[in-house]
4 protein chains.
Amino acid sequence: MTTTSTNSGRPESGGGEPAARRRGRGSSAAASERREHLVRLAAELFAEKGFQATTVRNIADEAGILSGSLYHHFDSKESIVDEILSGFFEEIMTRYREVIDRGEDPRTTIAGLVRIAFGTLEPHRAAITVMQNDWNYLKGMERFAYLTKSEDEVEKMWVDTIKAGQEQELFRADVDPKLTYRMIRDTVWVAVRWFKPGGRLNAQGLADHYLKVMFDGINTH
Amino acid sequence: MTTTSTNSGRPESGGGEPAARRRGRGSSAAASERREHLVRLAAELFAEKGFQATTVRNIADEAGILSGSLYHHFDSKESIVDEILSGFFEEIMTRYREVIDRGEDPRTTIAGLVRIAFGTLEPHRAAITVMQNDWNYLKGMERFAYLTKSEDEVEKMWVDTIKAGQEQELFRADVDPKLTYRMIRDTVWVAVRWFKPGGRLNAQGLADHYLKVMFDGINTH
Amino acid sequence: MTTTSTNSGRPESGGGEPAARRRGRGSSAAASERREHLVRLAAELFAEKGFQATTVRNIADEAGILSGSLYHHFDSKESIVDEILSGFFEEIMTRYREVIDRGEDPRTTIAGLVRIAFGTLEPHRAAITVMQNDWNYLKGMERFAYLTKSEDEVEKMWVDTIKAGQEQELFRADVDPKLTYRMIRDTVWVAVRWFKPGGRLNAQGLADHYLKVMFDGINTH
Amino acid sequence: MTTTSTNSGRPESGGGEPAARRRGRGSSAAASERREHLVRLAAELFAEKGFQATTVRNIADEAGILSGSLYHHFDSKESIVDEILSGFFEEIMTRYREVIDRGEDPRTTIAGLVRIAFGTLEPHRAAITVMQNDWNYLKGMERFAYLTKSEDEVEKMWVDTIKAGQEQELFRADVDPKLTYRMIRDTVWVAVRWFKPGGRLNAQGLADHYLKVMFDGINTH
DNA sequence: TATGAATGAGCCTTCATTCAT
DNA sequence: AATGAATGAAGGCTCATTCAT
């Protein structure tokens, strides 16, 4: 275990690491459950209305408590969103790394990354929505510097894979790797705005459709 | 002249139409210039920090006046953003319609639409950024119902064109027109987040790159 | 108990009924006391300077708190005056109905109504003052539609009694019932402007004097 | 002539006398006409919504000019209402004095005063409405000290007449003169709230009705 | 753990008034 | 006589946060 906080369960303010790494793991199960329940409620609201537009009162109302009571569980509104975002980032990066580490051919790797990305749309809808809507606001705060750092790491994974694909002549040489990465990334995340779980297509259907277009284009050949 | 208000230049409250259509056209050139200058300043700030996070004080400070003085020109913060967005929507829809009305083959038409879209990235950077970041917030207000309406009209243009392309066997039959439209749309607009005029690629370079990928995919064939 | 809000004590917004009926009854005694204290302070100020001319800052200052803190207890300035007015209306209508329901002769009934009206001058000074000074402003707001409705019901009580008195030849047939009611009503309420408790005449002395003039005139006979 | 202003037509700010006495009489007829037109517009609005609730912009809008332009005619919003009120007070006091000076018997004199008072309801509707609704606000300003002074003079006229009537055994000895005056006064002025010119009863009808009740009561005898 | 009361800073907006043109 | 732009003070209200109980 990397971190052991004596002050179990209660987050310290500030800190340069994501909330998830800062959270005590020794806290009582009940407290942790309550906490996670609150995070889930908050996530739902953030996804619906954005981080800034959601008030702590909204969250408290949803939980049936008073807004001040939230501060027993979290030291600020930011720390809630931090928890949501860091959870998301931790998971996606772990999964990205797994794919990369399999060392398959670039086409398969890219397909794997795309599928993972689309796959987070449903379980991490809130985090992605916040990223989409409030990124500008959050990225300015040093607390969330780790977001940018993770982003950079992710970019490197994709760009390297694309470049490898070009070297192996799997991908066309005349597409710009960085540009292509950005377009893929944005296209995936932005889908959170209209993607409704349980609709015509599930997330993997979306991924398949996207891969089809991305690999072969919409033209008939 | 379509509209001549006796009360020209003075903002009227309410109204179900976009701001641009509601504005008096008879106002003196000087007044109009001042107003447009303020709109530009506001747009810049909205793009930088988001609509909600930008205060009227921010805007007034930027203009070197007091916040209350803004209300000589606009009747609310909303009406400023309305002006920004409606200007953008009016232009893009006019230009979209021109391309559609040329009645060229679907491939050419889609290429035209994509080029127009990318072409707005620079002149309408602020409007597009606001759309991206604050859409969720704005779409809830009936004042901005026209945004959704315009969006629907635009979607129809694209989807119809894609379908026509499929019927003429220019586009693959196994891509979903609506899904494809959404992905194109999102990919274009979201580029506003990282697109810097004067960078490596200009907007038309971006468009060309994107068309390449979209039509033929990134695979080598 | 007629109303039991799970959310007791917290002000809900909106609603088409008077504030008193909307208030949670289950709130703790302490909370209710604080709240009523604030209402009394506000009432005093409204009576002194008028509703519009009294700022929430004035009220808060009087209470020794900050203006924003008032919003912990009330959801708007209007809801405070609502509470004041609805309390007054509820009481006076209950008492009017009691007199009417006693079914005595019209002369006794009218005398009873007049005594009740004058009797409210002291305990409900603030509410009556607000009614006098700010009626025009308040009646325009749909929140206060119940004022007009109550007024109509009251008018009916008086007018019916006067008419009954005329039929029994207790009152002259050549006075207009509605006109007479209005004059009585206004004369009573407007007295709030100069009536000082503890002065030469108390409220019941006023009532007696007024009944004397109203019933028999100022002429010697 | 008591006052000769070199700055004809333009009121000086401040001053202990009513506006009417302060106004220059040598001003050009056209200017004076425009000015009076504006006063009439303002009066209408004050009567409708109250003095405080009427903004200078409301007045300017009604006149078809910008709010700042009003300050060419008046040096403040107060000076407009001053003009309205002082006009009313000058007229009513002049007419009251005429009646008093006729030296008729108290019963006739009181009847005359009542008729004059009701007679102002229509031509001075605005002034009376302002008096009713905004008295509390205005009386606190030294500019309007003359209102209180005039009020006192008027009260003396009425009270003296009532007392004379009692000495001549025309009026009952057991009514309080001051109280009776106040009730008459309030009953008349407050009628402005519901009195509609052109309704069932005109102002003189109202006066007659009131005199009937006041002199002989509503009882049958 | 939660409540209830309060803080303090800031928000959007209004409005009487001023003044150069 | 009027415009158009601006001022400056204030107004009602919101919201994240604190803290004694």
Side-chain angles (χ1 to χ4, degrees), chain A residues 9 13 30-31 34-35 52-60 63-80, chain B residues 9-10 13 27-28 30-31 34-35 38 52-60 63-78 80, chain C residues 9-10 13 27-28 30-31 34-35 38 52-60 63-78 80, chain D residues 9-10 13 30-31 34-35 38 52-60 63-80:
Chain A
S13 70
R34 183 91 178 99
R35 186 192 174 83
Q52 291 175 86
T54 302
T55 69
V56 298
R57 195 131 61 210
N58 291 154
I59 302 170
I65 57 178
L66 291 182
S67 64
S69 306
L70 276 178
Y71 288 79
H72 267 282
H73 304 278
F74 310 96
D75 61 342
S76 72
K77 188 182 162 191
E78 274 165 34
S79 82
I80 304 179
Chain B
R10 212 94 55 61
S13 70
S27 48
S28 79
R34 180 85 180 106
R35 189 190 172 85
L38 293 171
Q52 297 173 81
T54 302
T55 70
V56 297
R57 224 96 90 183
N58 291 154
I59 303 169
I65 57 177
L66 291 179
S67 66
S69 305
L70 278 177
Y71 289 79
H72 181 64
H73 304 278
F74 310 97
D75 58 348
S76 71
K77 189 183 161 190
E78 275 168 35
I80 304 180
Chain C
R10 213 92 57 60
S13 71
S27 50
S28 80
R34 182 84 180 108
R35 190 190 170 86
L38 293 171
Q52 295 174 81
T54 302
T55 70
V56 299
R57 233 94 92 179
N58 291 153
I59 302 169
I65 57 178
L66 291 179
S67 67
S69 305
L70 278 177
Y71 289 80
H72 181 64
H73 304 278
F74 309 97
D75 58 348
S76 71
K77 190 184 161 188
E78 274 168 35
I80 305 180
Chain D
R10 205 80 63 60
S13 72
R34 182 90 178 100
R35 187 191 172 81
L38 292 171
Q52 293 175 83
T54 301
T55 69
V56 298
R57 193 128 66 208
N58 291 154
I59 303 169
I65 58 178
L66 290 182
S67 64
S69 306
L70 276 177
Y71 288 78
H72 267 280
H73 303 279
F74 310 97
D75 59 343
S76 72
K77 189 183 162 190
E78 277 165 34
S79 82
I80 304 180

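Basis for what follows: all heavy atoms, side chains included, without hydrogens, waters or symmetry-related copies. We name chains A, B, ... by the order of the sequence lines, and we start the count at 1 in each one.
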**Q** Please figure out whether D:R34 or A:S76 has its closest DNA chain F nucleotide nearer the 5' end.
**A** D:R34
**Q** Rounding to a whole Å, what distance do you find between A:E78:CD and F:dC15:C1'?
**A** 14 Å
**Q** Rounded off to whole Å, could you give me the NZ-to-P distance for the A:K77 and F:dC15 pair?
**A** 9 Å
**Q** Check the distance between F:dA2's C1' and D:H73's NE2 and give it to me in whole angstrom.
**A** 8 Å
**Q** On DNA chain F, check which nucleotide each of D:L38 and C:T55 is closest to and give me the residue with the more 5' one.
**A** D:L38
**Q** Just how far, in rounded Å, is P of E:dT3 from OH of A:Y71?
**A** 15 Å
**Q** Does E:dA20 have a Watson-Crick or wobble mate here (both distances under 3.5 Å), and if so which one?
**A** F:dT3
**Q** Is there a side-chain contact between C:S69 and the phosphate of E:dT7, meaning an N or O under 4.0 Å from OP1 or OP2?
**A** yes
**Q** Of A:G68 and B:A53, whose nearest nucleotide on DNA chain E comes first from the 5' end?
**A** A:G68
**Q** To the nearest Å, give me how far apart CG (B:L70) and P (E:dC15) are.
**A** 17 Å
**Q** Given E:dG4, F:dG8, E:dG8, which nucleotide is nearest the side-chain atoms of C:L66?
**A** E:dG8
**Q** Send over the distance from B:R57 CZ to E:dC11 P, rounded to a whole Å.
**A** 6 Å
**Q** When you measure from the side chain of B:R57 to the backbone of B:S67, do you find a donor-acceptor pair of N or O atoms at a distance under 3.5 Å?
**A** no
**Q** Once rounded to the nearest 0.5 Å, what's the spacing between atom CG of C:L70 and atom CG of C:D75?
**A** 12.0 Å
**Q** At under 4.0 Å between heavy atoms, what does B:I65 touch on the DNA or RNA strands: base, sugar-phosphate, or nothing?
**A** sugar-phosphate
**Q** Between F:dG8, F:dG12, E:dA16, which one does the side chain of C:V56 approach most closely?
**A** F:dG12
**Q** At under 4.0 Å, does any side-chain N or O of C:H72 touch on OP1 or OP2 of E:dA5?
**A** yes
**Q** Rounded to whole angstroms, how far apart are CG on A:N58 and C1' on F:dC15?
**A** 10 Å
**Q** Taking any heavy-atom pair under 4.0 Å as a contact, classify C:S67: base, sugar-phosphate, or nothing.
**A** base
**Q** What is the distance, rounded to the nearest whole Å, between atom CD1 of C:I59 and atom P of F:dG12?
**A** 8 Å
**Q** Which pair of heavy atoms, one from A:R34 and one from A:A63, lies closest together, and at what distance?
**A** NH2-O, 4.2 Å
**Q** Please tell me if D:R35 has a side-chain N or O lying less than 4.0 Å from either OP1 or OP2 of F:dA1.
**A** no
**Q** Calculate, to the nearest 0.5 Å, the distance between atoms NE2 and CD1 belonging to A:H73 and A:I59 respectively.
**A** 12.0 Å
**Q** CG/D:L38 to NE2/D:H72 distance, rounded to the nearest 0.5 angstrom?
**A** 12.5 Å
**Q** Applying the Watson-Crick and G-U wobble criteria at under 3.5 Å, what pairs with F:dA9? Answer none if nothing qualifies.
**A** E:dT14
